[in-house]
Amino acid sequence: MVNEFSASLSKFVSEIQRLESVYVVMATNCPWSMDLAIRKRLSLRLYFPLPDRKEREELIKSMIKGMDATLNDQETKELVERTERYFSI
């Protein structure tokens with residue numbers, strides 16, 4: 001299934017490259033697992049790292065702001081630690 005998807009995606013990218021004024025935006029949580037041939041055809045790559053400790057804390061606080069829930073400092077710290085390698089919060 002993965003090889004079939006990679007082949008289809010590779011063909012799609014090749015076809016798109018012939019067109020002008022067409023932009024394709026792709027996103028993945030695991031860019032290192034993409035087929036090398038596909039990655040080479042993409043002209044621009046942007047990397048957005050996972051949020052660091054401070055950014056996760058800010059995200060968590062902003063997410064619970066409008067909720068009927070509260071977290072004390074210790075609970076917030078624990079949640080920040082538990083979400084260290086999460087792709088999204």
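This is a predicted model, so every value here is computed, not measured.
The nearest pair of heavy atoms linking Arg56 to Glu84 is CZ-CA, 3.5 Å.
With a 4.5 Å cut-off on side-chain heavy atoms, Thr70 and Ile64 do not count as touching.
With sequence neighbours excluded, no residue satisfies side chain to side chain donor-acceptor pair (under 3.5 Å) with Gln74. Take Arg45 and apply the salt bridge (charged side-chain N to carboxylate O under 4.0 Å, His left out) test, not counting sequence neighbours, and it matches no residue. Residues passing the salt bridge (charged side-chain N to carboxylate O under 4.0 Å, His left out) test with Lys61 are Glu57, sequence neighbours excluded. For Glu75, the salt bridge (charged side-chain N to carboxylate O under 4.0 Å, His left out) criterion is met by no residue, not counting sequence neighbours. Applying the salt bridge (charged side-chain N to carboxylate O under 4.0 Å, His left out) rule to Glu78 yields the partners Arg82; only residues at least two apart in sequence or on another chain are considered. Annotation: side chain to side chain contact (heavy atoms under 4.5 Å, CB included) contacts of Asp52 (sequence neighbours excluded): Lys54, Glu55.
Taken from CE in Met63 to CG in Leu79, the straight-line distance is 9.5 Å, to the nearest 0.5 Å. Between the CZ atom in Arg53 and the NZ atom in Lys77 there is a gap of 8.0 Å [rounded to 0.5 Å].
Within 6.0 Å of CG on Asn72 lie more than 12 heavy atoms contributed by other residues, nucleotides or ligands.
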task = Go through the steps for Thr83 and Ile60 under the test side-chain contact (heavy atoms from CB on, under 4.5 Å), then give the verdict.
result = CA-CA 10 Å; Thr83 57; Ile60 290 166; 4.2 Å; yes
